[in-house]
Each structure stands twice: as C-alpha cells, then as structure tokens.
Amino acid sequence: MNNKGIKGEYIFSAFLFLVILVFLSVSLNFNQTARNMPIIVGLFALISMISYFYDARKTERNQLYCKEKEKAQDSSMLQHLQILVWLLILFANVVVLGLIWGSGVFTLIFEKIEGKRTWLQSFIFSTCLLAFLQIVFVLVLKARLYHGVLGLLNI
Amino acid sequence: MIDAAIQGIQMLLTQESVIFMAIGVCIGIFTGAMPGVTGTITLAILIPFAVKLSPVSALALLLGAHVATEFGGSISAILINTPGTGQAVATCFDGYPFAQKGEATRAIAIAAVSSGIGGLIGFLALLVSLPIMRAIVLALAAPEYFILAFVGLTFIALLGEKSITKSFIAGGLGLMTAMIGLDPVTSASRFTFNWLYLWDGIDLIAVVVGFFAFAEMLELIRKGSEKSVASANVVIKSPWAQIRQGIKDVFQHIGVTVQCSTLGIILGVIPGLGGTVANVMAYGTAKRTSKHPEDWGTGIPEGVQAPESANNAKEGGALIPTLAFGIPGSAAMAILLSVFIMMGIVPGPEMLTTNLHMTFALAFILAIANVLAAVLGLVVAAGAAKFTFVPSRYLIPVVLALGSIGAYISSDNIGGVIIAVIFGFMGYAFKRFGYSKAPFIVGLVLGAVVERYLHLAVRLYSPLFFLRPTSMVIIVATLIFFFWQIIKNRRMGVQR
C-alpha cells in the first residue's frame with residue numbers, strides 16, 4: 001500500500017474538514033434568514049466528511065480497496081508542492097507585470113526550466129505567445145486588461 | 001411555438017453566429033484530439049473570447065466547440081489508442097485496431113458520420129420533448145424546483161465515477177462556495193471577509209478556469225512536460241477511399257447508430273451520467289445485441305459507431321434538464337449554464353416560456369454544429385492527427401495564459417485570477433486525492449438556485465412546502481432511486 005498517497009489524502013481531507021468547520025462557525029454569526037442555507041449545507045458537508053473518515057478507517061484494513069487508491073497517488077507531497085509553485089510563479093508574474101507581459105515572462109521561464117529548451121527557443125515561443133495575446137485581446141477584442149503593479153506605477 | 005422556432009433560427013442564422021460556430025467546431029476538433037485537453041478545458045479557455053461576443057454568437061462558439069470535442073476525442077483514440085476526452089474511451093476498443101490495420105482514416109470517417117447522425121437524433125429528441133417539458137415545467141412550483149435542484153446534486157454524487165461520500169463532500173463544498181456573497185433576501189454579507197470583490201458572489205468562470213484548466217495543466221506538469229502522448233508510427237493509407245468506405249459503413253449498420261443514439265439521449269437526460277458512461281454503455285449494449293459479439297474489439301465499424309453516436313446524442317438529452325430545470329447534467333453543462341447566466345439567460349421555466357426562442361436557437365446550434373463537426377471531421381481527419389503529437393510543454397503556458405485572461409475578463413478584476421489560482425490548487429488536489437470535480441461544480445451552479453427556491457417555497461407555501469403532492473412524488477421517487485443505487489453499489493463493492 002502506498003502510505004504516502006493515503007496520508008496525503010487524509011491531510012487534504014482534514015483540511016477540507018477544517019474549512020467546513022470554519023464555514024459553519026462563521027455562519028452562526030449571520031442573521032436568522034441569511035444563515036439558514038449555509039447551516040443546512042455546512043451540516044450536510046460535515047456529516048459527509050465524518051462518514052468519509054469513518055469509512056476510511058474501516059476500509060483501510062481492506063487491502064483490496066486500498067489498492068484502488070494506490071494507482072492515483074504515486075507522487076510525494078514535495079512533488080505536489082513543486083508543481084504548485086508553477087501556479088504561484090504565474091500569479092506573481094501577472095500581478096507584477098500584468099496579464100499579457102506576465103504570461104509572456106512566465107512562458108519564457110517555464111519553457112527554459114520545465115520544458116528544458118534553450119534560451120533562444122524559449123524566447124521565440126514566448127514572443128509568439130505574447131504577440132498572439134496582444135493581437136487577439138488588445139487589437140481585435142479590445143479587452144480591458146490588467147497591466148500589473150508596474151503598469152499602474154507607469155514603469 | 002412555431003413563432004419561437006422561427007425567431008430562434010433567425011437569431012442564429014447571422015453571418016457572425018455561423019462564423020463563430022465554425023470557429024468553435026474547428027477549435028473543438030483540434031482540442032478534443034489532444035489528450036489531456038478535455039471538453040471542459042476547451043470551454044474554460046474559450047470563455048474569455050465568448051464574453052466579448054453577442055449572446056447567440058457566444059453560445060454558438062461554446063456549444064459548437066463542446067459538440068466538436070466529442071468527435072475530436074475519437075481522433076486520438078483511434079490513432080494512438082489514447083482518448084482525447086473521457087467520452088472517447090470505448091472508441092479505443094475498435095478504433096485503434098482499425099489504425100493498426102492501416103485504416104485509421106476509415107475509422108475517423110465512421111466516427112465523424114455516426115457522431116453527426118447521433119447529434120441530429122439528439123436534436124430531434126430535444127425538439128420533440130420541448131412541448132412535453134413545457135407542460136411539466138408549468139405544473140411545477142418553487143418547492144418542486146428546490147427539490148429537483150437538490151435531486152440533481154444527489155444524482156451527480158450517486159452516479160459519479162468515484163466514492164459516493166467524497167462526491168457528497170465535493171457537492172457540499174460546491175454549495176458552500178455558492179453561499180459566498182450577499183444573502184439574496186437580507187443582503188447580509190456572507191463569507192466575504194470584507195473583500196469587495198466577493199460581494200457579488202464567487203465568479204463562476206474564474207472557478208471553472210482554475211478548477212479545470214489550471215488543475216489539468218498542473219497534472220500535465222506532474223506527468224512530465226516533455227511528453228507528447230503520441231509516439232506511435234501511424235500510417236494512414238489512401239485517405240479518400242477510406243473516407244468513402246467509412247461513410248458506407250455507417251449506413252450499412254444504421255440500426256446500431258439509432259439504437260445507441262436513443263440510449264445516449266436517455267443517459268444524457270439523467271444528471272450525473274457523463275459522456276464516459278454513455279460511451280461505454282452504448283458499446284456494451286451494442287456488443288451484447290450484436291449477432292457476432294466475438295468480432296468486437298478487432299476493428300469493426302459498429303464498434304466505433306456505437307460509442308460515437310451515443311456521445312453526441314447525449315448532448316441533446318443533457319440540454320433538456322439544463323434548460324428546463326436549470327439542472328446541469330454534467331460539468332460541461334454546468335459551465336455552459338454559468339455562461340448562460342452571465343449572458344443574462346436564466347435557465348429554468350423561462351427558457352420554455354418567455355425565452356423559448358433562445359431554447360430553439362440552442363437546439364439549432366446543436367444540430368448545425370453536429371453536421372458541421374461531421375463534415376469538418378471528414379475533411380481534417382488526417383491532418384488533425386498531427387496535433388496529437390504536440391508536447392505538453394507548449395500547451396501548458398498557452399492554456400495558463402488564456403485561463404488567467406479569462407478569469408480576469410469575466411469579472412474585470414484581478415480577484416478573478418486570485419480565485420482561479422486558489423481553485424487551481426483545489427482542482428489539482430481533488431484530482432490527486434480522488435474527489436470528483438463534477439459534483440463540486442454542479443453544487444456551485446445549483447447553490448444559488450437551491451437557495452432562491454428554498455426562500456420562495458418557505459414564503460409561499462410555509463416551511464412544510466415539501467408536503468405538496470407533486471413534491472412528495474418527487475421525494476419518494478428520489479428516495480427509491482437513492483436506496484436502490486446504494487444497494488447496487490454495495491453489491492458491486494462486495495463482488496469486487
């Protein structure tokens with residue numbers, strides 16, 4: 001059995017359990033009408049979550065069932081975090097440089113590091129994407145886009 | 001009703017709408033053929049373009065793309081034994097053996113024509129059901145709509161591919177997310193944490209972009225960005241002769257197409273039974289009723305026809321609960337539903353009364369897009385195969401960039417990108433830890449509907465609204481189905 005995978009699932013489920021508890025406790029502060037639905041939904045989710053942990057304890061002993069879980073969970077938590085960092089890099093780029101330029105710089109970094117391309121290849125691809133975004137969204141669709149912190153400061 | 005139909009077709013047959021539908025179909029075939037890019041991702045990356053268009057053009061683009069991905073998924077299933085979308089799983093069984101025999105183009109032609117015919121049968125079912133649905137919808141009131149919305153969510157959880165408990169948790173989290181924003185009755189601020197962006201509620205498009213597009217791209221990074229799934233040496237010989245043979249094959253076994261299309265429509269109407277179920281069930285049913293079941297899996301036309309016709313027919317069926325009751329039958333329908341709402345089209349009873357012309361327009365989009373996808377499918381069959389060789393290192397930044405722009409444009413606020421990133425993490429975790437995404441997104445879409453009808457039902461019919469005869473019938477029918485499904489699942493678990 002892949003213990004790391006199962007452990008990861010429990011950690012994530014415990015996080016969801018915490019989210020539901022916070023949701024329920026915040027709901028109690030609303031007025032009578034506003035809290036009806038959140039409390040119904042929160043309790044529904046909470047009961048499902050308790051049922052999940054109860055089932056998980058029971059089925060953990062069942063090796064056959066655990067094998068099913070194994071196939072989907074073959075990565076360590078560290079690897080998951082490394083993957084998630086890419087999304088944070090994209091977000092940081094977008095916030096600082098804006099949507100178009102941020103995406104372009106992200107593509108350059110991604111192609112170089114994750115795609116293992118040369119600087120020239122990465123530059124050509126990111127420039128093509130930048131041009132595509134500029135033409136489609138700025139020139140054709142005339143979309144009002146976010147220009148980033150640097151754009152707001154006119155840098 | 002005829003006036004509404006004429007008005008619907010007039011709305012659709014503008015130069016702009018037809019062009020955008022053709023663009024949508026081309027994009028759908030292209031993305032559908034790429035393993036890893038599902039129909040929901042296609043919809044998510046098209047949203048930033050769609051919001052800039054008129055409602056009919058936007059829906060033509062999105063529905064056209066959605067329909068075409070169903071066929072597009074079969075291209076990679078046939079050529080490289082990897083379904084481009086989950087809906088093309090069963091197409092691999094007989095499609096790939098065709099490719100191994102050097103007759104891939106014939107199999108693609110069979111898939112294109114049977115998808116087109118299946119889609120048209122689905123369209124006819126939608127048209128025929130409209131007067132019936134109209135009568136049913138007008139007989140229902142707020143309590144029944146509340147119960148039906150809840151039932152829709154229960155069906156999704158029960159019939160989902162993963163654990164029922166996890167599906168309920170996912171659905172509950174979706175409903176919880178839908179509660180963010182101002183309370184519809186008292187305007188009290190709920191879960192906004194004093195962030196003004198959240199006052200209007202959580203932006204559905206941003207969530208969809210994060211939950212599907214971003215999460216799937218993270219999954220591709222995990223698998224390795226060097227990979228392009230295709231490495232097989234696929235030889236396509238004399239394409240035009242194969243296309244002719246493929247068309248002939250479909251009409252020789254038209255009974256299989258009709259049988260599986262009917263099955264697809266029925267499965268489409270039931271919320272929660274996605275394309276994968278329709279695809280596999282149609283294959284299984286056609287094989288069981290075949291005179292020569294031993295030949296299935298060796299590359300026979302019926303083996304491609306059955307799943308492909310069911311896939312496209314299912315869309316007509318899935319539009320029935322989506323439009324009539326505002327209950328999306330799948331994650332893709334939930335995304336389309338969110339776009340409808342964004343465009344000012346409120347699914348539900350109005351779609352069969354005041355907005356009937358819009359329903360007809362959607363039905364006609366479905367029909368024309370299916371025909372267009374079949375024709376274009378035949379034309380681009382051989383060329384489309386090349387796109388399955390694109391390495392994911394090129395795909396990932398493009399989808400992430402388009403997704404970020406889509407999340408921003410939908411709310412004109414950087415908060416959209418923040419939400420997309422947060423739900424990107426969530427979507428990735430959902431996938432890794434075996435939580436089903438469909439119940440979450442359906443819960444999110446239904447959240448507002450459930451709350452609106454609950455308030456209405458309580459105010460108009462007292463808190464005991466569920467004791468109305470019509471409500472009781474729906475509740476009893478749901479409970480019977482619920483317990484039957486649980487018993488069935490337990491039995492299957494024991495057998496496993």
Side-chain angles (χ1 to χ4, degrees), chain A residues 8-9 12-13 16 19-20 23 26-27 30-31 33-38 40-42 44-46 48-49 51-52 55 64 69 72-73 75 79-80 83-84 86-88 90-91 94-95 99-100 102-104 106-107 110-111 114-117 125-126 129 133 136-137 141-146, chain B residues 48-49 52 163 165-169 171-173 175-176 178-179 183 185-191 214 217-219 221-222 225-226 391 393-394 396-398 400-402 404-405 408-409 412-414 417-418 421 424-425 428-435 443 447 450-451 454-455 458 493 496:
Chain A
E9 185 185 322
F12 181 64
S13 301
L16 292 182
V19 169
I20 295 167
F23 179 90
V26 173
S27 305
F30 305 146
N31 65 53
T33 316
R35 74 178 173 216
N36 275 347
M37 196 64 195
I40 295 171
V41 169
F44 167 76
L46 191 71
S48 304
M49 204 78 229
S51 163
Y52 161 77
D55 282 351
L64 269 172
K69 289 180 175 178
Q73 297 156 344
S75 312
Q79 196 194 348
H80 292 317
I83 293 163
L84 299 181
W86 280 113
L87 215 47
L88 289 177
L90 170 74
F91 179 66
V94 167
V95 168
L99 283 159
I100 303 264
S103 301
F106 169 78
T107 307
F110 185 85
E111 289 300 316
E114 188 67 32
K116 298 181 179 69
R117 304 285 91 191
F125 184 66
S126 55
L129 180 67
L133 296 177
V136 173
F137 289 100
L141 294 173
K142 300 199 187 321
R144 222 173 44 168
L145 296 175
Y146 175 70
Chain B
F49 303 97
K52 291 277 161 193
S163 136
T165 321
K166 280 183 175 176
S167 296
F168 274 127
I169 296 168
L173 287 166
L175 284 170
M176 280 164 54
M179 301 295 122
D183 171 51
V185 178
T186 62
S187 293
S189 164
R190 295 187 305 195
F191 315 108
F214 282 10
M217 291 307 109
L218 292 177
E219 185 62 24
I221 296 175
R222 192 191 66 80
S225 57
E226 282 294 320
R393 64 168 175 269
Y394 295 125
I396 295 164
V398 174
L400 289 178
L402 288 175
S404 307
I405 295 174
Y408 177 83
I409 287 180
D412 204 12
N413 193 310
I414 193 69
V417 184
I418 298 172
V421 168
F425 292 148
Y428 177 75
F430 262 52
K431 180 147 190 167
R432 297 308 309 151
F433 301 125
Y435 283 86
V450 168
E451 189 164 28
L454 175 69
H455 282 303
V458 170
R496 236 184 265 160

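Naming convention: chains lettered A, B, ... in sequence-line order (proteins, then strands); numbering from 1 in each chain.
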Residue pair B:Phe425 / A:Leu88, side-chain heavy-atom distance below 4.5 Å: yes

Top contributor to chain B interface from A:Ser13, A:Ser48, A:Gly42 [non-hydrogen pairs under 4.5 Å]: A:Ser48

Least distance between heavy atoms, A:Ala45 atom then B:Met176 atom: CB-SD, 3.9 Å

Check: B:Arg393 and A:Glu114 side chains under 4.5 Å, non-hydrogen atoms: no

B:Leu454 portion near chain A, given a 4.5 angstrom heavy-atom threshold: side chain

From B:Phe433 atom CZ to A:Phe12 atom CZ, the distance as rounded to the nearest 0.5 Å: 7.0 Å

Contact class of B:Ser404 relative to chain A, heavy atoms under 4.5 angstrom: both

Non-hydrogen side-chain atoms of B:Leu173 and A:Phe23 separated by less than 4.5 Å: no

Closest heavy-atom pair and its distance - A:Phe125, B:Tyr394: CZ-O, 3.4 Å

Interface moiety of B:Met179 toward chain A, non-hydrogen atoms closer than 4.5 Å: side chain

Criterion side-chain contact (heavy atoms from CB on, under 4.5 Å) on B:Met217 and A:Leu87, from CA distance to verdict: CA-CA 10 Å; B:Met217 291 307 109; A:Leu87 215 47; over 6 Å; no

Closest contact, heavy atoms only, B:Thr165 versus A:Ser51: CG2-OG, 3.5 Å

Donor-acceptor contact present, side-chain A:Arg144 to main-chain B:Asp412, <3.5 Å: no

Parallel, tilted or perpendicular, as decided by the 30° and 60° cut-offs, for the rings of A:Phe30 and B:Phe191: perpendicular

Partner chain A: residue of B:Val185, B:Val421, B:Asn413 with the largest heavy-atom pair count (under 4.5 Å): B:Val421

Interface moiety of B:Leu400 toward chain A, non-hydrogen atoms closer than 4.5 Å: both

Heavy-atom side-chain contact between B:Asp183 and A:Met37 under 4.5 Å: no

Value rounded to 0.5 Å, distance of CD1 in B:Ile221 from CH2 in A:Trp86: 7.0 Å

Residue among A:Ile20, A:Val19, A:Val94 with most heavy-atom pairs under 4.5 Å to chain B: A:Ile20

Side chain / backbone / both / neither for B:Ile409 at chain A, heavy atoms under 4.5 Å: side chain

Test item: B:Val458 and A:Asn36 side chains (from C-beta on) under 4.5 Å apart, heavy atoms: no

Residue B:Ser187 versus chain A: region with a heavy atom under 4.5 Å: neither

Contact check, side chains of B:Ile396 and A:Thr107, non-hydrogen atoms, under 4.5 Å: no

B:Tyr435 to A:Met49 - nearest heavy-atom pair and separation: OH-CE, 3.8 Å

Largest heavy-atom contact set with chain A, pairs under 4.5 Å, which of B:Ala188, B:Gly443, B:Ala429: B:Ala429

B:Leu402 side, atom CG; A:Leu99 side, atom CG - distance, nearest 0.5 Å: 11.0 Å

Chain B contact via A:Leu90 - side chain, backbone, both or neither, heavy atoms under 4.5 Å: side chain

Aromatic plane relationship, B:Phe168 with A:Phe44 - under 30° parallel, 30 to 60° tilted, over 60° perpendicular: perpendicular

Structural part of A:Leu129 lying under 4.5 Å from a heavy atom of chain B: side chain

Spacing of B:Ile418 atom CD1 and A:Phe91 atom CZ [to the nearest 0.5 Å]: 4.0 Å

Closest non-hydrogen atom pair between A:Glu111 and B:Pro397, with its separation: OE2-CG, 3.4 Å

